[in-house]
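A short write-up of the structure that comes next.
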Amino acid sequence: MHWIWTALDLTDKDKVLSLINAVEKADNADTRTTAAEVASYFTHPDQWQSQGAWVGEELIAFGFVRVNAGQDLYDFTISGGVAPQWRNQGVGAELLEQQLMLVDGIAASLGKTTCKVVMYIDAKQQHLAALAQSLGFTQTGGFKQYRHLVTDLPSLPQLNNFVQIRAVKEEDQANIYNAHLALAGDELPSPGLLTSECEQFWHSLNPKWSVVVYDTFGDRPALAGYLLCSHFMGKTENGTDIAEGYIEEIVVLPNWQGQNLERYLIQACAQHLAADGVHYIGLDINLPLDTTSQVFAEIAEDWNFTEVAVVKAVTNKITVNPLF
């Protein structure tokens, strides 16, 4: 029995969610995709394109292509999955080829003659890594996804009175966004764009769980660092779905590095999560380790983790065989 590929739209969201959750369960994934996340893929067609493989009314595979922002390192991010009962039948290989052809079509419509494509593969999925490599992808790095109970973090000494950590307030958001851009090496947008871009930056974050640290010594408090936290669905050891806090970004500014403030920011975030009844906190650490990620690796050395490989390809449009 063969399958048919079609574009997916909002009317397919329930079947897509059901299939994604089946794939996550079969792969023992640490996270669980929510209905709201799936719906968001179909409500932003300028950012997401999707397709699926059908056998009759059964959706047996899905694939997403994300069109990344102009300043992103990669032009496109691809992801997808195959129903557990349909694996090892050639669906996965055809899915990846379909995604690359979709990328080519989008790239052509945007006037691109070449494009960079990235996908993320759990280190345990060696068969998928081999398939990606056969289509021209190469591994360029990776990261570890760490998670820990919020109530089981080690206690820390009291900070001095001039260092204050608290939840993010609305008046902090522009300062944090400016620091974020400065550390990324980006130029600040014009004042007219700052407000809208700042609002978009905060859209996916949870300010209630995000924290800032200020140095109050002197006439004017100075931002010393911040931690930005978002919400996602994870699972407990027995497989029960559970809400978790995910650290999107944690920064200690140069003048305050070496004072262990990263640990205090994580601890403060964990306390806010615990107060909201959230049990786990998560953090990604890039591989190979650099000076910054080494700090976080030491903090999370006794946390549970999943290793993920990052693979990329540079492809000419209208071809499923990426060229380098």
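Scope of the values below: all heavy atoms of this structure, side chains included, with no hydrogens, waters or symmetry mates. Just so it is clear, the model here is predicted, and its values are computed rather than measured.
- Of all heavy-atom pairs spanning V55 and H2, the tightest one is CG2-O, 3.8 Å.
- Inter-residue side-chain proximity for M119 and L96 is flagged as met; some heavy-atom pair is nearer than 4.5 Å.
- Note on V168 and W256: same hydrophobic cluster, where clusters join Ile, Leu, Val, Met, Phe, Trp and Tyr whose side-chain heavy atoms are under 4.5 Å apart, directly or indirectly.
- Here D27 pairs with R87 in a salt bridge; the nearest charged N to carboxylate O distance falls below 4.0 Å.
- The local environment of CD in E170 is sparse, with at most 12 non-hydrogen atoms from other residues, nucleotides or ligands closer than 6.0 Å.
- Here the closest heavy-atom approach between residue A268 and residue V211 is recorded as CB-CG1, 4.1 Å.
- Here CD of Q267 is found 10.5 Å from CG of N260. Values are rounded to the nearest 0.5 Å.
- Between I266 and I250, the closest heavy-atom pair is CG1-CD1, 3.7 Å.
- With no hydrogens or angles considered, a side-chain donor-acceptor pair links E24 and N21 at under 3.5 Å.
- Side chains of E58 and Q85: a donor on one and an acceptor on the other come within 3.5 Å.
- Under the 4.5 Å side-chain heavy-atom criterion for grouping Ile, Leu, Val, Met, Phe, Trp and Tyr, L131 is connected to L102 within one hydrophobic cluster.
- In terms of hydrophobic clustering, with Ile, Leu, Val, Met, Phe, Trp and Tyr side chains grouped at heavy-atom distances under 4.5 Å, L228 and L261 are assigned to a common cluster.
- The cluster map of Ile, Leu, Val, Met, Phe, Trp and Tyr, joined by side-chain heavy atoms under 4.5 Å apart, puts V67 and L100 in the same cluster.
- Between the OG1 atom of T33 and the CG atom of L17 there is a distance of 7.5 Å, given to the nearest 0.5 Å.
- Here the SG atom belonging to C115 is positioned 9.0 Å from the CD1 atom belonging to I106, to the nearest 0.5 angstrom.
- For D284 and R147, the salt-bridge test fails: no basic side-chain N is under 4.0 Å from an acidic carboxylate O.
- Heavy atoms of other residues, nucleotides or ligands lying less than 6.0 angstrom from CD of Q125 number more than 12.
- Taking the six-membered ring for Trp and thresholds of 30 and 60 degrees, H148 and W303 have ring planes inclined between 30 and 60 degrees apart.
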Trace of the salt bridge (charged side-chain N to carboxylate O under 4.0 Å, His left out) decision for D104 with K112: CA-CA 9 Å; D104 291 336; K112 294 178 177 290; over 6 Å; no
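- Atom-to-atom distance recorded for L273:CG and I281:CD1 is 5.5 Å, nearest 0.5 angstrom.
- Judged purely by distance below 3.5 Å, without hydrogens or angles, the side chains of Y226 and E249 pair a donor atom with an acceptor atom.
- Between the side chains of E37 and S40, no donor-acceptor pair is found at a separation under 3.5 Å.
- Between L223 and V212 there is a side-chain heavy-atom pair separated by less than 4.5 Å.
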Using distance only, find each side-chain donor-acceptor pair of residues 150-161 under 3.5 Å and give its atom names and separation, not counting sequence neighbours.
unit_1 : atom_1 : unit_2 : atom_2 : d
N160   : OD1    : F162   : N      : 2.8
N160   : OD1    : V163   : N      : 3.3

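- Residues L149 and Y280 are in side-chain contact: their nearest non-hydrogen atoms beyond the backbone lie under 4.5 Å apart.
- Taken together through direct or relayed side-chain contacts under 4.5 Å among Ile, Leu, Val, Met, Phe, Trp and Tyr, F62 and V38 form part of one hydrophobic cluster.
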Quick one: side chains of residues 6-13, donor-acceptor pairs under 3.5 Å with protein atoms, not counting sequence neighbours, listed by atom name and distance.
unit_1 : atom_1 : unit_2 : atom_2 : d
T6     : OG1    : W54    : NE1    : 2.9
D9     : OD1    : T11    : N      : 3.0
D9     : OD1    : T11    : OG1    : 2.4
D12    : OD2    : D9     : N      : 3.0

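- Using a 4.5 Å cut-off on side-chain heavy atoms (C-beta onward), K208 and H272 make no contact.
- Looking at W209 and H231, their side chains come closer than 4.5 Å, going by heavy atoms from C-beta outward.
- The minimum heavy-atom distance linking S230 with E248 is given by the pair OG-OE2, 2.7 Å.
- Judged purely by atom type and a 3.5 angstrom limit, Q47 has no side-chain atom pairing as donor or acceptor with the backbone of R66.
- Put simply, the side chain of V23 does not reach to within 4.5 Å of the side chain of I20, judged on heavy atoms.
- A donor-acceptor pair under 3.5 Å links the side-chain atoms of S210 to the main chain of C229, judged by distance alone.
- Not a single donor-acceptor pair under 3.5 Å links the side chain of Q145 to the backbone N or O of G282.
- Here the closest non-hydrogen pair linking V103 and I78 is CG2-CG2, 4.0 Å.
- In this structure, NZ on K15 lies 11.0 Å from CG on L19, to the nearest 0.5 angstrom.
- Of the possible polar contacts, none joining the S18 side chain to the D14 backbone as a donor-acceptor pair under 3.5 Å is found.
- N178 has its side chain out of reach of I176: every pair of non-hydrogen atoms, C-beta onward, lies at least 4.5 Å apart.
- Ring orientation note: the planes of W48 and Y41 are tilted relative to one another, at an angle of 30° to 60°.
- Nearest approach of A132 to I121, heavy atoms of both residues: CB-CD1, 4.2 Å.
- To the nearest 0.5 Å, atoms CD (E298) and CD (E262) are separated by 10.0 Å.
- At least one side-chain heavy atom of Q173 sits under 4.5 Å from a side-chain heavy atom of P207.
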